[in-house]
There are 2 protein chains.
Amino acid sequence: MSRCEQCIIREFSSLKALTRDELETISETKTHFIVRKGEILFLEGDNLNGVYCVKSGFCKLTKLNSNGKDTIIKLAKSGELLGQRSIINEETSNLTATALEDMQVCFIPKKEMLDYFSDNNKFSLLVTRDICNHLKDADKGLADHTHKTVKERLAIMLLKLEELGGVDPETKSLNIQLSREDLANMVGTATESCIRLLSDLKKEGIIQLSGKKIILVDKAELKNLAQ
Amino acid sequence: MSRCEQCIIREFSSLKALTRDELETISETKTHFIVRKGEILFLEGDNLNGVYCVKSGFCKLTKLNSNGKDTIIKLAKSGELLGQRSIINEETSNLTATALEDMQVCFIPKKEMLDYFSDNNKFSLLVTRDICNHLKDADKGLADHTHKTVKERLAIMLLKLEELGGVDPETKSLNIQLSREDLANMVGTATESCIRLLSDLKKEGIIQLSGKKIILVDKAELKNLAQ
DNA sequence: TTTTTTTTATGATAAATATCATATATTCTA
DNA sequence: TAGAATATATGATATTTATCATAAAAAAAA
């Protein structure tokens with residue numbers, strides 16, 4: 001199994017603040033596994049006994065609504081740590097993580113995370129900053145969902161998907177390919193409304209569609225919509 | 001000016017983890033002031049040079065939307081610290097704080113907060129947990145705003161206002177009295193829609209209204225609506 | 001491949017919510 | 001206190017968005 005000291009992915013998260021000694025200890029205790037597309041990493045309400053480090057692939061983090069629908073709260077890609085909040089607060093997870101494509105994931109036990117959080121100041125600062133960034137995004141999302149139209153939120157989401165996953169250099173289409181249903185759940189609208197608005201954007205020449213592939217043609221106009 | 005060592009309010013925030021020495025230092029450096037109803041503590045985009053400790057009164061934390069409207073992201077009451085995220089992330093504030101009634105506020109400089117964050121593990125853990133709780137609330141709010149109707153969100157908000165500010169023991173009306181406009185901005189709807197739905201709830205015997213005073217009569221039904 | 005299932009697409013319609021208009025009540029201010 | 005300004009209330013209407021229905025396209029399974 002690969003060693004954390006040699007894993008480049010750690011440079012993208014708070015783990016970069018760990019010392020060589022700490023990384024070696026984590027290497028001994030961590031486990032590594034594959035999650036297939038559609039499989040669940042953890043469920044809302046689960047007691048997490050550690051954090052998940054996404055090595056490759058990406059997943060959606062959702063919250064189950066009383067009407068049985070999932071709301072996608074955010075997406076996570078390689079380099080991100082999942083479950084930090086639950087570990088720090090010693091609470092069950094408030095979100096469900098589901099793979100949107102095959103993923104490689106490492107699991108780092110709670111004990112090590114909490115030990116280093118108290119012993120390594122640089123690490124705890126980075127962990128807290130990471131959580132702060134999530135909070136800032138959530139505040140922004142809340143404001144957007146409160147006063148923006150569905151079309152505006154769709155524009156925001158398309159730009160966010162590009163930022164998060166980038167585009168295929170050949171086809172220029174978004175690397176993150178969501179079903180219309182998932183996209184609708186991120187935007188916070190009905191699937192049909194989402195499809196309809198995508199069609200509108202296509203008719204207006206702002207995006208191109210072919211199957212799940214989406215190309216952002218007129219990004220200036222998208223940004224204008226997103227404001 | 002009152003000394004932090006003797007201030008009971010600190011027991012309600014992460015400040016309770018500070019040592020006597022640390023509290024004494026803060027007492028020397030902190031400033032204390034009054035913010036009148038409607039006045040602004042800080043603006044979105046402001047560079048905060050410390051955190052604000054709410055000693056009495058409460059305020060709204062808002063985000064300016066591109067359409068010029070404010071979205072109320074949350075309310076803060078006595079005992080809460082404002083501006084922690086900005087200090088930790090060394091970023092400008094992402095929210096505007098406006099007093100909803102006269103407030104007493106202490107300002108604790110950035111330097112002390114950051115020093116104790118690195119030196120006092122108990123303190124940094126509590127600060128991080130506080131931020132984690134805000135994140136959890138924001139995730140919940142995002143899910144609610146995504147799939148719930150305006151009436152359901154109004155019910156949620158009324159219950160939240162009771163939880164946050166309590167009720168007058170005499171009249172049983174909510175202590176936190178918001179304008180219909182502010183309430184609408186928290187729920188995420190038009191002022192008129194908010195007024196209409198309050199009237200509906202009144203007709204259904206779920207709440208009582210007289211001016212800004214709101215009495216939650218049938219809390220079971222409200223909770224049922226809030227789900 | 002053929003069949004079945006799922007996803008995407010689009011029209012028709014219903015429901016929810018926003019906007020505009022206006023009246024009344026309340027609060028503020030001179 | 002009177003008058004002005006603001007907040008609350010409610011009707012009429014417009015707009016947005018969701019739901020239902022159905023068809024075409026794509027993907028999965030036999």
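Keep in mind that this is a model prediction, so the values were computed, not measured.
Side-chain contact annotation: D139(B) with H134(A), donor-acceptor N/O pair under 3.5 Å absent.
Annotation: side-chain hydrogen bond (donor to acceptor under 3.5 Å, both in side chains) contacts of E39(B) (sequence neighbours excluded): none. In this structure, R153(A) has no side-chain hydrogen bond (donor to acceptor under 3.5 Å, both in side chains) partners at least two apart in sequence or on a different chain. Looking at residues two or more places apart in sequence or on another chain, you find no side-chain hydrogen bond (donor to acceptor under 3.5 Å, both in side chains) involving E221(A).
Put simply, CG on L178(B) is 15 Å from C1' on dT8(D), counting in whole angstrom units. When the C1' atom of dA16(C) is taken as reference, atom CD of E152(B) falls 12 Å away, rounded to whole Å. The CZ atom of R180(A) sits 11 Å away from the P atom of dA27(D) (whole-angstrom rounding). One atom, CG of N185(B), and another, C1' of dT8(D), lie 16 Å apart when rounded to the nearest Å. One atom, CG of L154(A), and another, P of dT16(D), lie 15 Å apart when rounded to the nearest Å.
Residues from residues 188-202 of chain A with heavy atoms under 4.0 angstrom of DNA chain D, sorted by number: T189(A), A190(A), E192(A), S193(A), R196(A).
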With the sugar-phosphate defined as primed atoms, P, OP1 and OP2, and the base as all remaining atoms, what B/S/- string results for nucleotides 25-30 of chain C, 5' to 3', for protein heavy atoms under 4.0 Å? ------
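Side-chain proximity of V150(A) to the nucleotides dT17(D), dA9(D), dT8(C) is greatest for dT17(D).
Taking CG from L154(A) and CZ from R196(A), the interatomic distance works out to 13.5 Å, rounded to the nearest 0.5 Å.
The C1' atoms of five pairs define one axis at each end of the helix from dT1(C)-dA30(D) to dA30(C)-dT1(D), and these two axes lie 50° apart (to 10°).
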